[in-house]
Structures are given as structure tokens and as C-alpha cells.
> 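Can you keep this structure in mind? I'll have questions shortly.
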Amino acid sequence: MLKNYSPTSTEAWQQLQAHYTDLQPQHLRSLFASDPQRFEKLSLQFEEFLFDLSKNRITEETIDLLVKLAEEMEVPAAIESMFRGEKINVTEDRAVLHTALRNFTDRELQVDGEDILKEVRAVQQQMQVFCDSIHNGTLTGYTGKSFRHIVNIGIGGSHLGPQMVCEALKSYQHPNLEVHFISNVDGTDAAEVLKKLDPETTLFIIASKTFTTKETITNAHTARNWFLEHAKEQAHVSKHFVALSTNTAEVEKFGIAPENIFRFWDWVGGRFSLWSAIGLSIACALGYNRFEELLRGAEAMDKHFREAPLKQNVPVLMALLSIWYANFFNCQSHAILPYDQYMRLLPEFLQQLLMESNGKSTDRNGNPVTYQTQPVIWGAAGTNSQHSFFQLIHQGTILIPCDFIAAAVSNNPIGEHQPLLLSNYFAQTEALMRGKNQEEVRQELEQKNMAADELKTLLPHKLFEGNKPTTSIMLRQLTPYNLGSLLAMYEHKTFVQGVIWNIYSFDQWGVELGKQLATSIEKELLSNKTADHDSSTANLINYYKGHLN
Ligand code: G6Q
């Protein structure tokens, strides 16, 4: 079981505090200048990836102390507990085994007396047969036409992962299929997607672990009504609707036949579920073999995470860096900057993964934590983001650690685009690290023959402090396999941060209160009843009711 004590009570924490005081004033420029081996010492390779940590505000001593912190917080034992299927999701009394979904070994893995790997393989087989029959045209719509549109209806963990992966791997997509996503309960989402579809060639995938999520069930009914307006006969529904769920009873109530249900299990958390049946839209879009490559890439990272010593363990080191910035530099945000248009939804996906998992303020004893936990995750694709918010990262008053992610080989090698993209990628981390000092700005302005007065006025605005920490993650090419490894890395990083912060990463009670209130307010909106609210909420509801006609 997971250990349970505050990280602040460890010896390493105290040592890190002292070390921070020494290191904080030092500039990355001088750290590079004083150690020609800095890159070699502070970078790691994993298969086709290069993880360059050297532009972070760290030294080898920082890594040693952070690793000591991980040891004192018993991270290795926690990793084993997760892989072995112990019920580490204590508040929901569940195991956490998304790793079992990409475990291709022939060993057994028992949960509550069942070999879950056998069940996993059975569903994977069902998914493969289904995808193949869509691609080879043996599975058709009610008029005998092949499917051309796949629509995933789901929200949160049943939406963000599949959508992000489908977008990231678009260049591998089956040429005759288009994938669409409906998630928001705002009718606009469904309306805009349905407009583009032909009911005869559209397959709806209703993705919901619980099958009770209001948004998804409402969207599913809207889709079914739209479909029936065209298809007329109820019997045709079974040819166009399938479900991905752990709750077969609710799915059958909705009218989906048992053979059209792709199961998964309560030990798969929503935001960790793209590897399960929830990934059916991915498998349909790419073909099952490529979906399997994604799983195999994740499996390789799982193996590394479980076996590599902490000091060479990529997810562990990535987690420790985040702890270093959140708890010692007091950074309250972290930017994810993929220099890859296909990966532009990665920040959104990681927002849920990290913020829903570790946005907690109660420790495992049930006490309020006394230190910062998850910072805000945000970001957008480069180079677009350079032309919007990079100003603040370079010259603002807050320190924002960034992950810069790029593939060496483009999936769309057109003209000089890739060298141009990557020159920006390299330039930004270099600029953030180096900055531009007085002397450099002065020289630059003098070369432009600027008048002394003007130079004096402009100089302070052109200064760049530099010393901004970045981690560069490079991969050879964006392939299903490599994407699998990258996502698994972030999943494990998330877990390690939670272990060190002594919080439970796999529940999400914080989303419940809003849901409960929405359910009772919905009743109020659909009737003449009024309930007791604060004056703000009451007047907002009145405003809405006053504009109904
Ligand atoms: C993820 C969360 C949450 C969940 C959605 C959808 O970890 O639990 O985002 O995925 O609320 O839930 P259902 O799949 O049950 O519809």
C-alpha cells in the first residue's frame, strides 16, 4: 500500500530547501559555462526519444536530492503497488491498472480472483474484428452502404484522449473514414457535427464508463432522434449505435444490443482510458494494428518506468522537476508547448490528466495539505503560441517551466517548413535560457546607430532576464508507437507527483458538487418551481427565465 506522510517531513525536503537557496541566484548561462558536460549529465534517451533536462534550474546535486525525496516517499514501492493491482485508489476502493490494457506479456494478472489480462484480450479481439469489418465493408449501415463517418459521443476522459490521439495521428488515418466528436451538452456541439453527416454512413460510438453522465446520454438521445428522423425504423438503431462502457445494464436500457457493447472495467480511470474500449474511435480511424502500436509504445514506457533506476527513470525525473518548481520555486503553472500541429490538443488532454489527478488539497490522512500541489497546466502549439502568450514567458513577472515537444521528422515534409519550425523550437529554449543582458542589448542598438537618448529609453524594455527553465522532448517522428510512449510517460509522471504530494491521484471528488447542484437547478429551469439560492444565483436564473420567449 502507499505510504502516508508529508513530503515536508523528509530529510530530503529540508536539504532541497537549503539547496534551493544556493541555486536560486545562479543563472543557467553560468551553469552551462561552468560545465561543458552539462548536457550529457542532464539528458536521457529512451528508445527514439531525447529528454533534455539541462535547460532546467538544476545541477546534478538537485537530481540527487530529488531522487532521495522520491526514495524517502517510497516511490519504487508505490510503482510496484500500482502494477501489481493493489487497490491504491483508496477513496473509490479500486485498483489502478490502465497498464494492464497494454500489457502484452503472457503472464496472468489477477484482480479479485479473475485473470484480467484474459478479459482484456477478449475485448481487444472484439475491437479488432469490429474495426476490420468496418474497413473491409462487411459491416454496413441500414441501407447496405459502408461507414464513412465515426462519431464518438463522450465527455472528459471518454472524449479528450480519443480526440487528441485521433488528431495527433491523423496522417495515419484510414482514407475513407472521417472521425467526429460530440462532447459538450451545449446543443451547438451536436448540431454542428450532425450537419456534416449522412445517417446511412454514420456510426455512433457512445463512450461512457458509467453510462449515467448527463451530457453524454443527452447527446446520445439527440443523435438517436436525428438518426431515426431519417432511418424511421427503430430496428436500424442497432446497426448504427455501439457503446463503450462498464455499465452493461444501463447501455441495454438505452437500447443498444449486448453484442454492440465493448466492455471495460472499474480499474480503468476515465482520464487513463484511451487504451481501453474507449479507444475504439482511434482503432476505427487508424486501423486496429496501429491502435496496437500505440499500446505497445505505452507498454515500452511502462516497462522503463517499472524497471529503470529512479535516477534514469524518465517519468520519475519529469515528476521530480515539477515538484522542484511547484514546491521550491513556487511556480503556479506549467506550459506544454508541442511544436507539432498534430499534437495541438495535447495541452488540453494533459490539463485533465494532471489537474484532475493532482488538483487536491487533502492528504491521504484526510488532513489539509500544507504545501502546493498541482500547478495549472496550459499551453498551445508552437509556433502560433510564440505570437500570442510567449511575451509573458520571456518577460513577465512569473516563472513558468515549459515542456517543448517536437519530432525531428515531419509527417508532412513540405519544402522548408520543418527546418523553419524546428529553428523556432531550438531558438525559443535557447532564448529563454540565455536571455539578453544590458551589454548585448546596448551593442545591438548601437549597431543600429541609435541615438544615445533613445537607446537609454529603449534599453530596459529590450532586456531579457533569461534563466527560464525548459525541458526539451524530442522524438524521431510522431508515430502511434512513439505517441503511446509519450502519453504513458505523462501518466506515470502524474502518478509519481501524487505519491510525493501524499494525495490520491485517481479519484475526482471535486467535480461532484457542481454536478449535484446542476441536477437540482435543471429541474427548476424546466418547471415553475423556485428554490432557495443566494441572490446572485437567483437573479441569474431569473434573467434566463425572463428571456425564454
Ligand atoms: C476522468 C473523469 C471524468 C469522466 C467523465 C465521463 O477521469 O472521471 O472526466 O471521464 O465524467 O464519465 P463517463 O465515461 O462515465 O461518462
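Order of listing sets the numbers, starting from 1, for every ligand and every atom in it.
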> Test your reading of the structure: does Gly157 have an N or O sitting under 3.5 Å from an N or O of ligand 1?
yes
> So, is Thr216 polar-close to ligand 1, with some N/O to N/O distance under 3.5 Å?
no
> Is the closest heavy-atom distance from Gln352 to ligand 1 below 4.0 Å?
yes
> Would you mind checking if Asp112 and Lys87 are paired as a salt bridge, meaning a charged N to carboxylate O distance below 4.0 Å?
yes
> What's the shortest distance from atom 15 (O) of ligand 1 to any protein heavy atom, and which residue and atom give it?
Thr210 OG1, 2.6 Å
> Find all atoms of ligand 1 within a distance of less than 4.0 Å from any non-hydrogen atom belonging to Gln508, and give their numbers and elements.
7 (O), 8 (O)
> For ligand 1, which atoms have a heavy atom of Gly270 less than 4.0 angstrom away?
1 (C), 7 (O), 10 (O)
> How far is atom 12 (O) of ligand 1 from the closest protein heavy atom, and which atom is that?
Thr213 OG1, 3.5 Å
> Do me a favour and list the nearest non-hydrogen protein atom to atom 2 (C) of ligand 1 with residue, atom name and distance?
Glu356 OE1, 3.3 Å
> Could you tell me if the ring centre of Phe506 sits under 6.0 Å from that of Phe495?
yes
> If you define the side chain from C-beta out and look only at heavy atoms, does anything of Tyr142 sit under 4.5 Å from Val237?
no
> So which protein heavy atom does atom 6 (C) of ligand 1 come closest to, and at what separation?
Ile155 O, 3.2 Å
> Centroid separation under 6.0 Å, is that true for the rings of Phe49 and Phe51?
yes
> Are Phe227 and His240 close enough that their ring centres sit under 6.0 Å apart?
yes
> Kindly assign one of parallel, tilted or perpendicular to the pair Phe305 and His492, based on the angle between their ring planes and the thresholds 30° and 60°.
parallel
> Is there a polar contact between ligand 1 and Lys209, counting only N or O atoms under 3.5 Å apart?
yes
> In ligand 1, which numbered atoms sit nearer than 4.0 Å to a non-hydrogen atom of Ser208?
13 (P), 14 (O), 15 (O), 16 (O)
> For the residue pair Gln124 and Leu295, establish whether any side-chain heavy-atom pair is separated by less than 4.5 Å.
yes
> Do the ring centers of Tyr288 and Phe130 come within less than 6.0 Å of each other?
no
